[in-house]
Number of protein chains: 4
Amino acid sequence: MPKITTRARRALTEERRKQILAAAAQVFAAKGFERATIADIARHAGVAEGSIYNYFKNKDDLLISIPRQIVTPPIETVTARLQLLATETAEPEQLLLTIATAFTTVFRQNADVFRILLSALPTLKPAAREKYMRQVVSYAIGALETYLAQQIQCGVFRRDANPQHLARFLVGMFFPYIMLHDILQVEFDADWDYEQIIPEAVTLFLRGALAA
Amino acid sequence: MPKITTRARRALTEERRKQILAAAAQVFAAKGFERATIADIARHAGVAEGSIYNYFKNKDDLLISIPRQIVTPPIETVTARLQLLATETAEPEQLLLTIATAFTTVFRQNADVFRILLSALPTLKPAAREKYMRQVVSYAIGALETYLAQQIQCGVFRRDANPQHLARFLVGMFFPYIMLHDILQVEFDADWDYEQIIPEAVTLFLRGALAA
Amino acid sequence: MPKITTRARRALTEERRKQILAAAAQVFAAKGFERATIADIARHAGVAEGSIYNYFKNKDDLLISIPRQIVTPPIETVTARLQLLATETAEPEQLLLTIATAFTTVFRQNADVFRILLSALPTLKPAAREKYMRQVVSYAIGALETYLAQQIQCGVFRRDANPQHLARFLVGMFFPYIMLHDILQVEFDADWDYEQIIPEAVTLFLRGALAA
Amino acid sequence: MPKITTRARRALTEERRKQILAAAAQVFAAKGFERATIADIARHAGVAEGSIYNYFKNKDDLLISIPRQIVTPPIETVTARLQLLATETAEPEQLLLTIATAFTTVFRQNADVFRILLSALPTLKPAAREKYMRQVVSYAIGALETYLAQQIQCGVFRRDANPQHLARFLVGMFFPYIMLHDILQVEFDADWDYEQIIPEAVTLFLRGALAA
DNA sequence: CATGAATGAGCATTCATTCAT
DNA sequence: GATGAATGAATGCTCATTCAT
């Protein structure tokens, strides 16, 4: 009996924690970290203000708990898919298109969270900042780096290329679009879409821009 | 001779305004917009708190005055240099190297300001946000787009390329580095430098990543 | 037993609200609305500054909540007594003496509040101003008007008299004294007292000033 | 020469003083003493903020200078007219009608100033408050008291009446109307006018309210 | 005397956090 | 664990007053 009760209680606790964190992410994304209030978050989560402090040490703790609980899962999903793809598909073009599509999709679906990170990270202490960016970056680019390193060794890509740099270059090509369109939600630069951009970028990445 | 007096006073006023704005930019960059206090800014500027309100309507006004006074000038300098180069230099590689170097340099020297914009823009009203991003983006990329459009017409670059996209792709390649290293000041990804990165990126942009 | 808890909490809440409002009335009366500070009021009420905002929206809200909670009750008491008297006493002189005494007493006991209203009402918005004056005036004079109208119909008072005007004339006779002595607390005009004034005024009101 | 210059300068100075005081009265009347700012007053007067301090010690000094310069003149005019009338007219009814009309007219034309006094006097120090109320009261009622005292001695008014009280009773009858209509500018009590009220009040004052 | 920029004390209001119930 | 009233430090902004020009 006590075992089940304890287990059930733990599950409930974990559930409540996620519920609060999801509310926090939502409110942070909408108002920015500093303008979001604990009262806001409590209202969105359907709990009392004081209850939040049973699950999180303080407001900062809410913020730095978001990546682990909310950012990490979707990135891990993508990463897993990429590792699978890398072993199956022979054609680099096809694989990079898939990677790029998955990558931009994750960013776009979680633009709210990245907006939070952007607005709040500068105010965090350097150590915490580095810890969380390291998580995000390695999750996001790790699999791509590994794949590119393999392909360089196989001779598919130029032998003198640096796989870490290649990975960043490829991913970076989408940054201007993601930043403006999805994170900052600026709309003046709008006569394009990702389905058109992604093949162009991948082609440029593989073949270069020169004519001949 | 009211003229001289007036002129002298205007110059002083303008000087003081810049002094306060520079202090604001500095403090915003260090602490983020919301955590920066007027008292901080006044102390950095060497004026009394109340004096700030002789030059700016309120704290928001300080923020949105920064781009015009601080971001725009260096970008204009670079833009002017590019237009000069475009008419002189024939070799695209050389020109793109110069462009990329200038571009990353401007970002790096004004990383503080971009950090402010990134953390504060999401909390601004959409209209103000769009207005300021439009300024920054078109200043930053306009000249590059023009150059690429010319080169596409000349047949130097692939005829099927879109100059707007090309410009964003090239600039984007440096984003991961600028974001992590200069804006977020994360140091874990530090075994590289711009002198090494820039030629690699330009080469990739021109020739592609494939081996053959 | 949530019922009792809820009821008890409500009573406490209401109690605290009254306590704060009483403190506000006191401080407003002593210093005037604008010179009174929230810190003052909190100190007088024995609560923290922030607590005041759990019960009132802002400083203005404190002001406009005063009439309903503080002015109205004593006026209602007097009004009730008058209605009772009107049915019992036949003699107009006796009744008007009682009315006048009650009326001046209410004003004098709540002079603080009327001082607040006088000094703060001009700065309120016209709509709010009118709303609150209407409350005060009709409470204060309504019963007297009704009585006078009856007596005019009975032929006790001149048939050509207007009961609304009569009521205002009678009440007005005490205004110079109330204003100077109780509201403005000017003491130079002090060789008189209400016990002496009231019969004189009532006599004048009933018989006129002429000798014959 | 110096004499004339000095005289002219003095006249100019006096002129400027009045101009500032008039602006202050206007702004105080519109916003209340506390909400009026020196900048407001300076703008209305067409001078620089600092200049005001060449003519007045501080903001309070502006307030307490208003009665002497602005309230007193119109009251003196009325007082003079009354003294003239008192010697000419035999009929008390006629004279009191004239007095009452003049009195209410002065109040109505200077309602702004009286509004200032009402809103600001409570915040003044008792000594200053008393000084200025004494001025206003004796100017306003002095002549009426004198007249009534004479008429009592002549046997026109009841011998047992107190002229000071009579004067206050008569004047007080108009207070409810002046306060609500002209000072507080409340409009809900509006189906009357002074031409109708004044004769009613004077008749009541002379003959009383009783029927017989 | 006139000016108006500089000053800084003063205040209303917000909000993260605590804790008695 | 849950609640939400109480707390009080922190902060943006105002404005009377001063003073160098």
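In what follows, chains are A, B, ... by sequence order, proteins preceding strands, each numbered from 1.
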Q: Give a yes/no answer on whether the side chain of Arg16(C) brings an N or O atom under 4.0 Å of OP1 or OP2 in dA6(F).
A: yes
Q: Which whole-number value in Å describes the distance from Lys31(C) NZ to dG10(E) P?
A: 12 Å
Q: Do the numbers put Lys59(A) on top of the ring of Tyr53(A), so that NZ or CZ is under 6.0 Å from the six-membered ring centre and no more than 45° off the axis?
A: no
Q: Measure CD1/Ile41(D) against C1'/dC15(F) and give the value in whole Å, please.
A: 12 Å
Q: Could you check whether Arg35(D) gets within reach of a base, just the sugar-phosphate, or nothing at all, counting any heavy atom under 4.0 Å?
A: nothing
Q: For DNA chain E, what dot-bracket results from Watson-Crick or G-U pairs at under 3.5 Å, with [ ] for crossers and | for inter-strand partners?
A: .||||||||||||||||||||
Q: Determine: side-chain N/O of Ser51(C) to OP1/OP2 of dA5(F), distance under 4.0 Å, yes or no.
A: no
Q: Do Asp112(C) and Lys31(C) sit within salt-bridge range, that is, some charged N less than 4.0 Å from a carboxylate O?
A: no
Q: Could you tell me which residues satisfy ring-ring contact (aromatic ring centres under 6.0 Å, His included) with Tyr55(C), sequence neighbours excluded, listed by chain and number?
A: none
Q: Taking the nucleotide of DNA chain E with the nearest heavy atom to each, does Asn54(B) or Asn54(C) sit closer to the 5' end?
A: Asn54(B)
Q: Rounding to an integer number of Å, can you tell me how far Leu12(D) CG sits from dA2(E) C1'?
A: 14 Å
Q: Would you call Arg35(C) and Asp60(D) a salt bridge, using N to O less than 4.0 angstrom?
A: yes
Q: To the nearest Å, how far apart are Glu14(B) CD and dA5(E) C1'?
A: 15 Å
Q: Measuring only between side-chain heavy atoms, which start at C-beta, is Glu49(C) closer than 4.5 Å to Arg43(C)?
A: no
Q: Find the distance Asn58(D):CG to dC15(F):P and express it as a whole number of Å.
A: 17 Å
Q: In whole Å, I'd like the distance from the OH atom of Tyr53(B) to the P atom of dG8(E).
A: 16 Å
Q: Of the options dG12(F), dA12(E), dT7(E), whose atoms approach the side-chain atoms of Lys59(C) most closely?
A: dA12(E)
Q: With a non-hydrogen cut-off below 4.0 angstrom, is Thr37(C) in contact with a base, only sugar-phosphate, or nothing?
A: sugar-phosphate
Q: Describe the nucleic acid contact of Ala36(B) in one word from base, sugar-phosphate, nothing, applying a heavy-atom distance below 4.0 Å.
A: sugar-phosphate
Q: Return the 5'-most residue of the pair Ile38(C), Val47(B) with respect to DNA chain E, ranking by each residue's nearest nucleotide.
A: Val47(B)
Q: Specify the separation, in whole Å, of atom CD of Glu34(B) and atom P of dC15(E).
A: 10 Å
Q: Identify the heavy atoms of Ile41(B) and Ala23(B) that sit nearest to each other, and give their distance.
A: O-CB, 3.8 Å
Q: Any non-hydrogen side-chain atom of Thr13(A) less than 4.5 Å from a side-chain atom of Asn54(A)?
A: no
Q: Please work out if Tyr55(B) contacts a base, only the sugar-phosphate, or nothing of the nucleic acid, heavy-atom cut-off 4.0 Å.
A: sugar-phosphate
Q: Could you tell me the separation between the CD atom of Glu49(A) and the C1' atom of dA16(E), rounded to a whole number of Å?
A: 9 Å
